[in-house]
Amino acid sequence: MAAGFSTASAKGVDFEAKITPIVIISSIMAATGGLMFGYEVGVSGGVTAMPEFLKKFFPVVYGRVEVGADKNNYYCKYDKQGLQIFTSSLYLAGLTATFFASYTTRTLGRRPTMLIAGVFYIIGVVLNAAAQDLAMLITGRILLGCGVGFANQAVPLFLSEIAPTRIRGGLNTLFQLNVTIGILFANLVNYGTAKIKGEWGWRLSLGLAGIPALLLTVGALLVTDTPNSLVERGRLNEGKAVLRQIRGTVNVEPEFDDLLEASSLAKEVKHPFRNLLQRRNRPHLLVAVALQIFQQCTGINAIMFYAPVLFSTLGFGSDASLYSAVLTGAVNVPSTLVSIYLVDKVGRRVLLLGAGLQMFFSQLVIAIVLGIKVTDHSNNLSKGFAVLVVVMICTYVAAFAWSWGPLGWLIPSEVFPLETRSAGQSVTVCVNLLFTFIIAQAFLLMLCHFKFGIFIFFSSWVLVMTLFVMFLLPETKNIPIEEMRERVWKKHWFWTRFMVMGDQSCNRQEE
Ligand SMILES: OC[C@H]1O[C@](O)(CO)[C@@H](O)[C@@H]1O
């Protein structure tokens, strides 16, 4: 069975591609790499709000929150760097691991890299769920971080390469959809386990990460590698056979020729990271790095990591706080589906621009309400205003979920030429995790000092990134992945100046 017929024009030649079941199933399996990432993002906020967890690993914070040393300072009671290390160690490990992952995606392939990620995850989950002391807990988090580094490197590339051009955006967004499902799953688990007395609550929360870890591992065993990766590693016959299989047609010559051309350019590159900095490759690098910084500077993880903490800071009871976190998770998932549906129809830019406005205004409203109603030692947030804050947070999350969330991964995975794709993706993941880390590390401190102003801070960033999209982000909808240089970058009003002298093998001798 194969639905639809794609005729993406490349250099005037048509690529034939059906939407085959093998592409859909492989994409769904590979995208489970996002589940694990999302689960880890979602689980830490709830776990660090569990008294038994704090008592065992962070007794000082436990004293402050439960016993009440600073209980009355609404904005500062959770501020404790040690607690943030639990959240952020994963990201530090992940951003380091991604450089190794760049090597494995290039030399071993996308599929083995996903398998490596799965194995890291499984060991990390076991250590976390069985943790006896802080060292064991943090070691587990570091291994989970390595899993994130390897998975986030391999999965977006796998999805963008295996997809027929006309549904590439939608398929790639499956990764982010899984991230959001993972976050929601973790929030639901936390909601249930927070009611369990003793240590079993947090152990169960951390241990259930085993489910997504197993899914990714099994998924990675079952999928076939992408034709791009097979050709890149010199396995031409296999690459062509896989291309025929996934495109559901024997007529794959034009696309295969594109792959051969891209791979012969890629072969000349000896130092992929140095090559990234060459003039002709700078636009992709700059755009990919900017997108990651911007994605995190939307402030999304301030909400995702600390929603339970934030809601309890705002005076919601501990149960209501988890409830609110589940609510934001439940907005995140369906809104990502909107992106899957729209991204290949209206394009990347429309989604980013529209959502930018939506995020900007919702953050502004939150800042105003909190600024008026919540001061250091008094919390006059009436029910009506509390509901307004939650509704605005949901409005903001929805906008993020159909724009910066998925597109932050999609665009970098499709704009780099094959010669710099692995290295480019590695820098992408690294910058994403670095800024996730910085926000995770700084948020509680920022909340304590900026107070409601934190939302003004993030909304100013949203304004800057929306202007960036308006002027500097080219549209990549419906462009075959190995054709971006000719059809996107060379035609862009600003970036074209980097392409003129960068044609073909310019400077390649330098390598
Ligand atoms: O859905 C929100 C989540 O999406 C990400 O931006 C990843 O794409 C995470 O950093 C964030 O926690």
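Order of listing sets the numbers, starting from 1, for every ligand and every atom in it. In what follows, every heavy atom counts, from backbone to side chain, and hydrogens, waters and symmetry copies are set aside. In this text, all values refer to a predicted model and were calculated from it rather than measured experimentally.
Listed by number with element, the atoms of ligand 1 under 4.0 angstrom from any heavy atom of Val41 are 12 (O). Listed by number with element, the atoms of ligand 1 under 4.0 angstrom from any heavy atom of Phe37 are 7 (C).
A distance of 6.0 Å or more separates the ring centres of Phe471 and Phe494.
Under a 4.0 angstrom heavy-atom cut-off, Trp409 registers as being in contact with ligand 1.
An N or O contact shorter than 3.5 Å links Gln296 to ligand 1 by distance. Distances between N or O atoms of Gln295 and those of ligand 1 include at least one value under 3.5 Å.
Side-chain contact check for Thr113 and Thr105: no donor-acceptor pair (N or O, by modelled atom type) lies under 3.5 Å. Ser459 and Gln363 share no side-chain donor-acceptor pair at under 3.5 Å. In this structure, a donor-acceptor pair under 3.5 Å is absent between the side chains of Thr32 and Asn178.
In this structure, of Asn301, Thr328, Asn332, the residue bringing a heavy atom nearest to atom 11 (C) of ligand 1 is Asn301. Closest heavy-atom approach to atom 2 (C) of ligand 1 within the set Tyr91, Phe175, Phe400: this belongs to Phe400.
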For residues 400-412, tabulate all N or O donor-acceptor pairs below 3.5 Å that involve a side-chain atom, not counting sequence neighbours.
unit_1 : atom_1 : unit_2 : atom_2 : d
Ser403 : OG     : Ala399 : O      : 2.7
Trp409 : NE1    : Gln176 : OE1    : 3.4

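In terms of the ring pair (Phe, Tyr, Trp, His ring centres under 6.0 Å) criterion, residue partners of Phe450 (sequence neighbours excluded) are, by chain and number, Phe457.
Residue contacts with ligand 1, taken as heavy atom pairs separated by less than 4.0 Å, involve Ile183 solely via side-chain atoms from C-beta onward.
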